[in-house]
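Let me begin by presenting the structure, written as structure tokens, before commenting on it.
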Amino acid sequence: MRYSQYFLPTLKETPGDAEVVSHQLMSRAGMIRKVAAGIYDYLPLGLRVIRKAENIVREEMNKAGAIEILMPAVCPADLWEQSGRWQQYGKELLRLKDRKETEFCIGPTHEEVVTEIVRGTVNSYRQLPVNLYQIQTKFRDEVRPRFGLMRGREFIMKDAYSFDATDEGANLSYEKMRKAYCRIFERCGLKYRMVEADSGAIGGSFSHEFMVLADTGEDVVISCESCEYSANIEKAVVIDKGEMSQAPMNEVERVVTKGAHSVADVSVMLELKPSQIVKTMLVIVDDEPVAVLIRGDHELNVAKVKNLLGASVVELATPEQIAKATGGPVGFSGPIGLKITLYADNAVKYMRNMGVGGNEKDIHLEGVNLERDFQVKQFADLRDAADGDTCPHCGGRYSNTRGIEVGHIFKLGTKYSESMKATFLDADGVAKEIIMGCYGIGIGRTAAAAIEQNHDENGIIWPMPLAPFQVIVTMLNPKDEEVLAAGEKLYQDLLSEGIEVLLDDRDERPGSKFKDADLLGIPLRINVGARGLKEQSFELQERRAGERVMLPIEGAAQKVAEQVRTALAAE
RNA sequence: CGGGGAGUGGCGCAGCCUGGUAGCGCGCCAGUUUUGGGAACUGGAUGUCGCAGGUUCGAAUCCUGUCUCCCCGACCA
């Protein structure tokens with residue numbers, strides 16, 4: 001591709017609305033452009049990277065035995081009513097009506113549609129297993145889209161769905177996908193971790209997330225420093241450990257805590273450490289208010305509450321709901337005298353003489369004790385794991401890092417085959433429900449994650465497999481006929497070698513071309529200039545290392561092509 | 001959805017408080033000189049100041065409404 005003929009609008013300045021580095025650099029490098037919140041154009045360079053990622057995913061999916069299909073973006077509500085998700089999914093599901101007032105949604109994921117395909121086709125165990133996948137634009141009306149392609153509302157996703165006759169078969173399908181995912185992210189040149197995850201709204205029995213490690217990641221990954229255990233913070237198990245305090249029980253005492261709004265405020269006023277205070281969190285579990293007690297220095301984990309109670313929706317209560325359930329304002333809830341059910345995190349069990357809210361404005365209580373002053377229906381692991389907690393597998397220490405969730409695989413079981421009646425006849429002639437799995441990869445997010453992990457102050461540094469072009473040939477002064485001729489020849493030779501090359505033939509000053517080349521992040525740059533030509537040489541510069549080496553004209557294309565192929569093979 | 005901020009040439013911003021000529025940098029067009037890390041000079045083009053109402057002799061500026069975007073939080077595959 002000739003730069004002068006291409007559509008590649010780079011920006012010198014960082015756009016005002018871009019916060020994270022991948023978003024800034026994608027905008028500056030002319031890869032994407034915002035059309036609306038969470039909705040982007042893919043400009044030519046961006047599209048090339050997207051296609052690279054798609055192709056890696058496609059190759060590995062095909063190798064793993066999955067078969068590509070393409071389902072509609074607009075899906076009938078009818079199917080979603082069958083699975084129950086038309087009611088369950090909430091506002092994230094973009095719903096619309098056609099001219100006949102029939103309801104549709106824009107697919108945020110395709111379990112319903114794919115299950116419908118399979119149930120209409122598969123009747124016998126002989127037709128299983130099957131794994132169907134697609135690479136398609138999805139839409140999720142996110143509460144808060146942000147960070148460019150990292151959390152868009154419209155985004156390109158690879159979604160695969162496996163269908164098996166037996167549980168062992170389903171596990172095998174899951175395992176194949178797990179391995180394929182590892183190969184995909186390795187091939188993309190990304191540093192990632194596979195972690196245990198909560199299966200959330202999609203449902204199912206177990207799941208893993210693939211996290212690209214980056215400080216800007218929105219997810220917290222808990223990993224054990226001593227063993228291989230690694231989990232999303234929503235899932236990471238906190239073991240029940242502690243010693244019953246032997247301190248004598250004090251009398252309950254009312255304390256005025258005027259204007260206290262947080263555990264930190266209360267801690268100061270009561271002269272207690274946050275770990276001696278109990279937060280009473282009001283949550284609405286399927287429309288019913290429930291109180292969850294958490295030690296002051298811990299964080300409530302909503303996913304764990306949801307799993308414990310088998311609820312479909314768990315939300316923090318609004319101030320109005322809190323007032324109604326406790327009689328007091330936000331910040332002053334406490335366990336004593338509450339009419340609603342109390343659950344508590346395990347850590348609360350070991351506390352003595354705790355500080356709690358008084359269920360009235362500006363009042364807290366101290367010297368409060370379990371059993372004597374209030375009862376809890378059940379203790380469980382209901383808090384977020386934290387740095388320094390004990391690993392349940394080896395007793396090692398947890399540490400946390402941040403990650404970007406680029407892939408998520410679920411073993412679904414029969415959740416959808418049951419509700420949507422996708423059955424097959426087994427060898428013994430008995431109708432059984434198909435056992436499913438589903439497997440997603442965010443394509444744009446993978447590209448964004450690659451930038452988060454590979455950039456410097458000058459721009460992007462693409463790993464070779466994702467690079468929009470493998471080589472950029474920079475003609476320093478294309479008005480110089482020798483330079484022009486040598487650059488053109490090199491360009492043609494590289495093309496003949498099958499290399500993806502961008503020829504910077506623009507009539508710009510060298511400085512601008514260098515800056516643009518660095519910004520675009522093309523892994524290898526060849527400078528063609530009068531200075532080098534005198535010595536029958538070009539200059540070869542790796543984007544990452546930055547060092548320039550002389551490259552003899554003779555055999556230059558072959559040598560560079562070899563280097564590209566080596567880089568591709570290494571990833 | 002709660003809190004905060006912003007909409008002014010293609011991009012980044014100033015002007016608004018205290019109403020009266022719409023301004024700066026980058027980019028763009030033409031020309032001259034330049035040409036190894038975002039050139040210099042000269043000349044030029046580009047704005048219904050988000051939208052709708054209102055106040056006023058006069059509104060980018062004040063008031064009301066509305067839309068959009070961004071950030072923090074809540075939530076989320």
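Lettering of chains follows the sequences in order, A, B, ..., and the numbering in each one begins at 1.
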Sugar-phosphate only, base, or nothing, as touched by A:Phe155 at under 4.0 Å among non-hydrogen atoms: base
Integer-rounded Å distance: B:C69 P and A:Tyr40 OH: 10 Å
Base, sugar-phosphate, or nothing for A:Glu92, non-hydrogen atoms under 4.0 angstrom? sugar-phosphate
Which part of the nucleic acid does A:Lys138 contact within heavy-atom distance under 4.0 Å: base, sugar-phosphate only, or nothing? nothing
May I ask you to check whether A:His408 and A:Glu405 show a side-chain donor-acceptor distance below 3.5 Å? yes
Out of B:C11, B:A39, B:C75, which nucleotide sits closest to the side chain of A:Arg146? B:C75
Does the side chain of A:Tyr174 come under 3.5 Å of the side chain of A:His208 through a donor N or O and an acceptor N or O? yes
Between the side-chain atoms of A:Arg525 and the base atoms of B:G37, is any donor-acceptor pair under 3.5 Å? yes
Between B:A74 and B:A60, how many Å separate the two P atoms, rounded to a whole number? 42 Å
Under 3.5 Å for both donor-acceptor distances, Watson-Crick or wobble: does B:G19 have a partner, and if so which one? none
Measure from NZ on A:Lys34 to C1' on B:C71 and round the result to the nearest Å. 12 Å
What nucleic acid atoms does A:Gly529 come within less than 4.0 Å of, heavy atoms only: base, sugar-phosphate, or nothing? base
Can you tell whether the side chains of A:Arg146 and A:Glu218 come within less than 4.0 Å, N to carboxylate O? yes
Within the pair A:Arg509 and B:G38, is there a side-chain N or O less than 4.0 Å away from OP1 or OP2? no
Any strand: nucleotide that pairs with B:C62 via Watson-Crick or wobble, under 3.5 Å: B:G54
Please tell me which of the listed nucleotides, B:A74, B:G36, B:C76, lies nearest to the side chain of A:Glu142? B:C76
Which part of the nucleic acid does A:Asp480 contact within heavy-atom distance under 4.0 Å: base, sugar-phosphate only, or nothing? nothing
Give A:Arg28 one of three labels, base, sugar-phosphate or nothing, depending on what nucleic acid heavy atoms sit under 4.0 Å from its own. base
Mind checking who B:C49 pairs with, Watson-Crick or G-U wobble, both distances under 3.5 Å? none
Taking only side-chain nitrogens and oxygens of A:Lys479, does any of them come within less than 4.0 Å of OP1 or OP2 of B:U35? no
Using a cut-off of 4.0 Å on non-hydrogen atoms, how would the nucleic acid contact of A:Gly532 be classed: base, sugar-phosphate, or nothing? base
Tell me which nucleotide, if any, is Watson-Crick or G-U wobble paired with B:G73 when both distances must be under 3.5 Å. B:C1
A:Leu316 near the nucleic acid: base, sugar-phosphate alone, or nothing, with a heavy-atom cut-off under 4.0 Å? sugar-phosphate
Counting only distance, no hydrogens or angles, is the base of B:G38 paired donor-acceptor with the side chain of A:Glu508 under 3.5 Å? no
Is it the case that A:Arg531 places NZ or CZ above or below the six-membered ring of A:Phe538, under 6.0 angstrom from the centre and within 45 degrees of the axis? no
Once hydrogens and angles are ignored, does a donor-acceptor distance under 3.5 Å link the base of B:G37 to the side chain of A:Arg548? yes
Give me the distance, rounded to whole Å, that separates B:U48 from B:U32 when you measure between the C1' atoms they each carry. 38 Å
Does the structure show a Watson-Crick or G-U wobble partner for B:A6, both distances under 3.5 Å? Name it, or say none. B:U68
With C1' as the reference atom in both, quote the distance from B:A59 to B:U18 in angstrom, rounded to an integer. 14 Å
Hey, is the side chain of A:Arg144 poking within less than 4.0 Å of OP1 or OP2 on B:C71, counting only N and O atoms? yes
Any N/O donor-acceptor pair, A:Asp516 side-chain to B:G38 base, under 3.5 Å: yes
For a side chain to side chain donor-acceptor pair (under 3.5 Å) with A:Ser83, tell me which candidate from A:Glu111, A:Glu112, A:Glu418 qualifies. A:Glu112
Using a distance-only test with no angle check, is there a side-chain donor-acceptor pair under 3.5 angstrom linking A:Thr474 and A:Asp504? no
State the pairing partner of B:G43; accept Watson-Crick or G-U wobble contacts with both distances under 3.5 Å, and report none otherwise. B:C29
